[in-house]
Undergrad: 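I'd like to ask some things about the structure below.
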Amino acid sequence: MVAVLEREFFVSEILGRKVFFRKERIGRLNDVVIVETGTIPEVSNFIVERPFGYPSLLIPWSKIALISATEIIVDDSDVAAYEAAPPEGSILLKDHVLDKKILDMDDHEVEIVYDVKLVLQNDKLYASEVDFSHNRLLRRLGLKKLANWLAEQNPGEKSVSWIYVQPLPEKIGAFTGNVKLNVLKENIGDIHPVDLADILEELDQHQRLAVFHQLEPEHASDTLEEVEPRVQRELIEALDKETAADLIDRMSHAQAADLLAALPADKADELLHLIDPETAPKVQQLIDQHDEHIGLYASNMFIKQPPIAIARSVIDDYRHLARDKDVVMYVYVVDPDDLLLGVVDIRELIMAGRDQTLAEIMSENVISLQEDATLKDALDMFERYSFRALPILDQDDRIVGVVSFKNVRGITPRLH
Amino acid sequence: MKPGKAYKLAALASAHRAKAIQLLEMGDGVGAKREDIAYLDCLGQIPSMLRHRIGSFFEDCLRIKLDLIRRGRA
């Protein structure tokens, strides 16, 4: 039976502790090996580092007799019997988990593990929780006072049960044939593609690819739609062409067009030839539409008024002003040469003092499109700013038309 | 500075100036002075190269504002 001073302690507190074989000091604790045993992993071995020239020891947990505040005692004297390296596929708390990114399955976030809590129960030691708090990092650095102060300031800093976390392999091939990656594969299917896209964007390239390769094709396709274009390009580049084409085939035409439009032209053309021949022309048509001139979708039927117009008068005349207009939710404020000075939302007009001029209440920093903008530019702008219409300006900043969201959304189902 | 910003400052300046005139006529010298300071502050922000361009706009705004005030008073 093992004796410990505390039933709960952190792995960082015992790493580096002196290890004795009965009374002979033989090295220091270098790492802790865990194995999957249901929900919470169990400590199977301690790895003891010895002086230079001596091999490390792999000591089964069952041989540990005492963990005191200063030392660890092994109940044996035959040192040579434990000279072994950890088996391939082992999970080492220091090497594989501490300071590594972890996927928190509860919050679907990527966190950095600063410590792991160990709990003794029925003579077995379990890795029960991972700690993401900076408090633990500071303690490890020996800054106890600062850590205590920080803990008082941020009592909410968290640790979560191991059952909600999965280590992310640093690169494909790590943890070969291992249990954790399989568990990761099972659970990752539960994460919504939008959340998974956020997670992938936070990871470095190797981790991102490792996780992405674990996804089922349908889930991978949905997730690929959601990640930002930079990550889309990177993932597509890393996949073989047939796999990439298969993922694109699972998307809607508009989503496939969005993705291909984000790729270099030669790569997009290559993939277009590999996707379903019935789908390809429709996707190509949508890509072409992205490059279409925004003028094709613009209207010159919008409300424009001089800056000196009084809010009260504009409201009184609004029914007349809005008649036959395509864009009625904004009043564009222009000078005699149609130079765009500002814009007033119809709600701002109603809220304004009745004697205020439009110049007083207008937003003068107007988000606009240039005459040579494409439909894709407009869609990006609508997605970014959520406006209901955007003015189009010529090179002298004169308003030449307005494109409304309702006129372009029919060809971009993704923005619905 | 974009022309739109200059127009906005000129319109705000005219509103402060009209209010200052109204307050002065009502015998509130302190309030009028406060409004005049705001008026000068707005005008001061307009770059000199744009002031000339919007000079007539400011005068039109001021005239309309004073007209609205007087009609409101009537």
Side-chain angles (χ1 to χ4, degrees), chain A residues 302-317 330-345 348-349 351-371 385 387 389-400 402, chain B residues 1-26 28 31-32 34-74:
Chain A
F302 55 91
I303 304 171
K304 57 182 180 182
Q305 287 287 293
I308 205 165
I310 302 296
R312 174 170 51 184
S313 308
V314 177
I315 291 171
D316 289 347
D317 291 346
Y330 297 115
V331 174
Y332 294 95
V333 183
V334 296
D335 80 350
D337 297 323
D338 271 354
L339 183 79
L340 182 65
L341 301 174
V343 63
V344 181
D345 188 294
E348 293 167 337
L349 192 64
M351 300 289 285
R354 288 167 61 80
D355 291 344
Q356 283 188 298
T357 58
L358 293 189
E360 285 174 74
I361 59 172
M362 69 184 183
S363 303
E364 72 277 11
N365 192 14
V366 186
I367 303 297
S368 59
L369 290 161
Q370 287 299 304
E371 257 184 320
Y385 294 105
F387 289 137
L390 288 167
I392 300 169
L393 308 184
D394 69 9
Q395 57 184 7
D396 297 322
D397 287 344
R398 285 185 299 230
I399 188 164
V400 292
V402 175
Chain B
M1 180 181 282
K2 283 186 172 179
K5 176 78 174 170
Y7 271 88
K8 184 162 190 163
L9 285 167
L12 292 171
S14 71
H16 285 301
R17 180 66 184 138
K19 185 76 178 170
I21 293 169
Q22 182 191 21
L23 289 172
L24 202 58
E25 287 176 357
M26 291 165 64
D28 181 0
R34 190 179 59 237
E35 289 296 331
D36 264 338
I37 289 169
Y39 147 67
L40 291 170
D41 184 45
C42 286
L43 274 192
Q45 291 180 56
I46 301 173
S48 54
M49 59 190 174
L50 285 173
R51 265 183 226 163
H52 176 70
R53 178 172 166 178
I54 58 167
S56 62
F57 170 73
F58 170 76
E59 285 169 13
D60 288 345
C61 271
L62 182 58
R63 182 177 44 76
I64 288 173
K65 287 274 179 189
L66 290 171
D67 191 41
L68 286 169
I69 288 169
R70 278 165 193 149
R71 271 197 277 166
R73 197 182 297 163

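Quick note on labels: first sequence line is chain A, next is B, and so on, each numbered from 1.
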Undergrad: Go through the atoms of A:Asn365 and report whether side chain, backbone, both or neither lie under 4.5 Å from a heavy atom of chain B.
TA: side chain

Undergrad: Heavy-atom pairs under 4.5 Å with chain B: which of A:Thr357, A:Leu339, A:Asp355 has the most?
TA: A:Asp355

Undergrad: So, taking the atom named NZ in B:Lys8 and the one named CD1 in A:Ile361, what distance separates them when rounded to the nearest 0.5 Å?
TA: 8.5 Å

Undergrad: Quick check on A:Leu358 against chain B: is it the side chain, the backbone, both or neither that has a heavy atom closer than 4.5 Å?
TA: neither

Undergrad: At their closest point, which heavy atom of B:Lys65 faces which heavy atom of A:Gln356, and how far apart are they?
TA: NZ-CA, 3.6 Å

Undergrad: Might you point out which heavy atoms bring B:Ala15 and A:Glu360 nearest each other, and give the distance in Å?
TA: CB-OE1, 3.5 Å

Undergrad: Given that the side chain runs from C-beta out, which part of B:Leu12 has a heavy atom under 4.5 Å from chain A: side chain, backbone, both or neither?
TA: both

Undergrad: Is the shortest heavy-atom distance from the side chain of B:Phe57 to the side chain of A:Asp335 under 4.5 Å?
TA: no

Undergrad: Please list every donor-acceptor pair under 3.5 Å in which a side-chain atom of residues 35-47 of chain B meets a protein atom from a residue at least two apart or in another chain.
TA:
from: B:Glu35; atom 1: OE1; to: B:His16; atom 2: ND1; distance (Å): 2.8
from: B:Asp36; atom 1: OD1; to: B:Arg17; atom 2: NH1; distance (Å): 2.9
from: B:Asp36; atom 1: OD2; to: B:Arg17; atom 2: NH1; distance (Å): 3.3

Undergrad: Quick one: list whatever passes ring pair (Phe, Tyr, Trp, His ring centres under 6.0 Å) with A:Tyr330, sequence neighbours left out.
TA: none

Undergrad: Name the region of B:Lys2, side chain, backbone, both or neither, that has any atom closer than 4.5 Å to a heavy atom of chain A.
TA: side chain

